[in-house]
Protein chains: 2
Amino acid sequence: MPLQDALFRPVRAGNAFEETVERLMQAIRLGVVGPGERLPAERDLATRLGVSRVTLREAIRSLQDAGYVESRRGRYGGTFVNSPLPVPAPDRRVDPAELADALTLRWAVETGAAECAAGRALGPVERRNLLSRLAECRDASVDSYRRKDSRLHLAIAEATGSASLTAAVADARTRVNALLDRIPLLPPNLAHSNEQHELIVTHIVAGDPEAARRAMAEHLDGTALLLRGFLS
Amino acid sequence: MPLQDALFRPVRAGNAFEETVERLMQAIRLGVVGPGERLPAERDLATRLGVSRVTLREAIRSLQDAGYVESRRGRYGGTFVNSPLPVPAPDRRVDPAELADALTLRWAVETGAAECAAGRALGPVERRNLLSRLAECRDASVDSYRRKDSRLHLAIAEATGSASLTAAVADARTRVNALLDRIPLLPPNLAHSNEQHELIVTHIVAGDPEAARRAMAEHLDGTALLLRGFLS
DNA sequence: GTCCAATGGCTCGCTGACATACCTTTGGAG
DNA sequence: CTCCAAAGGTATGTCAGCGAGCCATTGGAC
């Protein structure tokens, strides 16, 4: 019974160390903490992640070894994201079931988020956030595009006002990004993406839920098609 | 920055014991393992949940103490869900932010799931599953309604073919159900719910994504309104 | 020049959780 | 009637992860 598989799935995705590494990598790969920026202080971050400082430090240590961050001591020190970031060696093997699962999840949560965001009365902060993320995305280089793209999509999720939904979008994107890293990023796709972004944000700030949803669906279908084409 | 709050959320929702109890309760409260039915054997379940048998047994023990299950030894023994189930004492206090957050998440994932399910070519098994859940829901007593309702919604999520999305729907429903337990279940609402269920399933099996989504959105807005009315 | 607050770096004892092995009960197969 | 497979029940040694405290480094405030 597949329903029981979904409910009786593992309670832990790994040990505390591994999950902590995943979280930090997620923040870096999604561009939530960009190159040159500082992570929260260890004591603070450990509390937020619900993990001991020892465990957090082991995780940070492994990110240092992998070249993602550097730590400096002293007041105004901290752990900083490196620039440029190392490019991860992509594994070639893709499980088609994982691909379908990740794309379906992303499709559901992101179209839902877009429609939901468009249906709310946005505050000036949220509106500005959306527009500046959109602009950053338009101006992004090929190197930084995936991060800026993720930031825009996360800003849309944030505009729903639901932290859980934002987290769900972040997780879905992390999974899809891991797959996207295995296919080339072509300038024409990038331009097309930007047009669609523009459309989505326009509909959201205009408060047209149906249109926002449709635009987001089309956008996601585009990259889904690319992924399936390259990986199947 | 609320985005960082979403990403740097706790890596663990509690200790292994607590999370295991939550999972088992989820399966029981959502009716995935109904009254009189048997849970998977301890060794099997412990493996699936990624938890040691000792920890699982502590969790089961606490469910026994709370009156939710009973264990029998010997071949063809096992842990069985009690009938009738004890009714949990509801805490009165509801955090309005939690309410909004849970409802938004559920809205996004469930409308997405409905549309997605309608857009797929359903196999005969999935179709039959949907229809029989629908029938069970229609015939359900007031006592068992919430469970049958959850089963139907989970069947819709299952029909997307995505285990992750199914899990997301289960989690969202668990949170919302915990809130619904604090308000009365009135027969007129119940009848209305059943009409909407009929509509949703019809659109899904007919393969009309837009209509399925709209019907689901309306259905969810209905219970959301009820909740907000009673709890705010 | 001195001090100090904030940061990363380190150590140690304690506890929760785990893996493993074995025991006990039960009901059907033969 | 006997046996045995499958299930729950129990015991033990090991280790990851935690909390708490202290040390080392740094750069600004005074």
Side-chain angles (χ1 to χ4, degrees), chain A residues 1 4 8-25 27-28 33 36-82, chain B residues 1 4 8-25 27-28 33 36-82:
Chain A
M1 201 181 307
Q4 294 206 354
F8 295 142
R9 83 201 109 105
V11 130
R12 305 271 201 238
N15 57 33
F17 163 75
E18 287 167 349
E19 288 200 63
T20 305
V21 171
E22 283 308 309
R23 278 299 175 76
L24 299 179
M25 281 298 296
I28 295 171
V33 183
E37 291 179 3
R38 213 194 69 166
L39 290 175
E42 288 181 358
R43 290 166 176 82
D44 176 28
L45 193 49
T47 307
R48 291 209 229 177
L49 292 176
V51 110
S52 80
R53 220 185 125 206
V54 183
T55 303
L56 172 62
R57 297 194 78 257
E58 283 170 2
I60 289 176
R61 180 62 203 271
S62 85
L63 292 195
Q64 286 171 353
D65 292 346
Y68 287 99
V69 299
E70 273 181 2
S71 294
R72 291 200 290 275
R73 304 225 280 193
R75 195 170 188 177
Y76 308 101
T79 299
F80 297 82
V81 175
N82 278 341
Chain B
M1 204 182 303
Q4 295 207 352
F8 295 142
R9 83 201 109 107
V11 132
R12 306 272 200 238
N15 58 31
F17 163 75
E18 288 166 348
E19 288 199 63
T20 304
V21 171
E22 283 307 310
R23 278 297 176 77
L24 298 179
M25 281 298 296
I28 295 170
V33 183
E37 291 180 3
R38 211 194 71 167
L39 291 174
E42 289 182 357
R43 288 165 177 82
D44 176 28
L45 193 49
T47 307
R48 292 209 229 175
L49 293 176
V51 111
S52 80
R53 215 183 131 209
V54 182
T55 303
L56 172 62
R57 297 193 79 257
E58 282 169 3
I60 289 177
R61 178 65 202 271
S62 85
L63 292 196
Q64 286 171 352
D65 292 347
Y68 286 98
V69 299
E70 271 181 4
S71 295
R72 289 200 291 275
R73 305 225 283 193
R75 193 170 190 178
Y76 308 99
T79 300
F80 298 82
V81 175
N82 280 341

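Every chain is numbered from 1 and lettered A, B, ... according to where its sequence line falls, protein lines coming before strand lines.
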Report task. Please say which of Arg48(B), Arg53(B), Arg61(B) ends up in a salt bridge (Lys or Arg N to Asp or Glu O under 4.0 Å) with Glu42(B). Result ->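 Exactly one option meets the salt bridge (Lys or Arg N to Asp or Glu O under 4.0 Å) with Glu42(B), and it is Arg53(B).
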Of the options [options], whose atoms approach the side-chain atoms of [X] most closely?
{"X": "Ser71(A)", "options": "dG9(C), dA11(D), dC18(D)", "value": "dG9(C)"}
{"X": "Phe17(B)", "options": "dA17(C), dA19(C), dT11(C)", "value": "dA17(C)"}
{"X": "Ala16(A)", "options": "dG17(D), dG8(D), dG16(C)", "value": "dG17(D)"}

Do side-chain atoms of [X] reach the backbone of [Y] as a donor and acceptor pair under 3.5 angstrom?
{"X": "Thr20(B)", "Y": "Ala16(B)", "result": "yes"}
{"X": "Arg12(B)", "Y": "Glu19(B)", "result": "no"}
{"X": "Arg23(B)", "Y": "Arg9(A)", "result": "yes"}

Requested in this report: List the steps, then state whether side chain to side chain contact (heavy atoms under 4.5 Å, CB included) holds for Leu56(B) with Phe17(B).
Outcome: CA-CA 7 Å; Leu56(B) 172 62; Phe17(B) 163 75; over 6 Å; no
Query raised in the report: Among side-chain atoms of Thr79(A) and Ser71(A), is any donor-acceptor pair under 3.5 angstrom?
Result: yes
Query raised in the report: Tell me, which of residues 36-45 of chain A have any heavy atom that sits under 4.0 Å from an atom in DNA chain C?
Result: Arg38(A), Ala41(A), Glu42(A), Arg43(A)
Report task. Please state how far atom CZ in Arg57(A) lies from atom P in dC12(C), giving the value in whole angstrom units. Result ->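 Rounded to whole Å, this separation is 16 Å.
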Query raised in the report: What integer distance in Å separates Arg53(A):CZ from dG19(D):P?
Result: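 Roughly 13 Å, once rounded to whole Å.
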Requested in this report: If a protein heavy atom is under 4.0 Å from the base, mark B; if only from the sugar-phosphate, S; if neither, -; do that for nucleotides 24-30 of chain C going 5' to 3'.
Outcome: SBB----
